[in-house]
Amino acid sequence: MDEVVAGLLWMALDLPQDVSRFELEDFAHRLVSRIRFGASEAAVEREIVGLQCSQLGRPANPPAIHRLTGRVMDAVRNS
């Protein structure tokens, strides 16, 4: 599931060229764990915005991140 979520993040976010696969998979692993332990959609969305803005230094696209959050939540819940 970590790789699936990392792939969704890879396809949907504005990533800098120097972002590593390991970095994204590590974030995805933490995100999957939080969802499985009951994190709300709003909390997951905040995590993704934090990744986009704070860790990756890119501006957030709220509508795109909202759609991405729904896809991530569905993927993890249906796994």
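In what follows, every heavy atom counts, from backbone to side chain, and hydrogens, waters and symmetry copies are set aside.
The minimum heavy-atom distance between Cys53 and Ala60, with the atom names listed, is SG-CB, 3.6 Å. Shortest non-hydrogen contact noted between Ala43 and Arg34 is CB-NH2, 4.1 Å.
Inter-residue side-chain proximity for Arg58 and Leu15 is flagged as unmet; no heavy-atom pair is nearer than 4.5 Å. Within the 4.5 Å cutoff, side-chain heavy atoms of Leu24 are placed close to those of Leu51. Considering only heavy atoms from C-beta on, Asp26 stays 4.5 Å or farther from Asp2 through its side chain. A heavy-atom distance below 4.5 Å is not found between the side chains of Glu45 and Met73. Counting heavy atoms from C-beta on, the side chains of Val19 and Gln55 never come closer than 4.5 Å. Counting only heavy atoms from C-beta outward, the side chains of Met1 and Arg36 approach each other to under 4.5 Å. In this structure, Leu31 and Ile48 have side chains that are in contact, with non-hydrogen atoms separated by less than 4.5 Å.
The local environment of CD in Glu41 is crowded, with over 12 non-hydrogen atoms from other residues, nucleotides or ligands closer than 6.0 Å.
Distance check: Gln52 CD to Asn61 CG gives 8.5 Å after rounding to the nearest 0.5 Å. A distance of 9.0 Å separates CE of Met11 from CG of Leu9, quoted to the nearest 0.5 Å.
Side-chain heavy atoms closer than 4.5 Å link hydrophobic residues (I, L, V, M, F, W, Y) into clusters, and following such links, even through other members, never connects Phe22 to Phe27.
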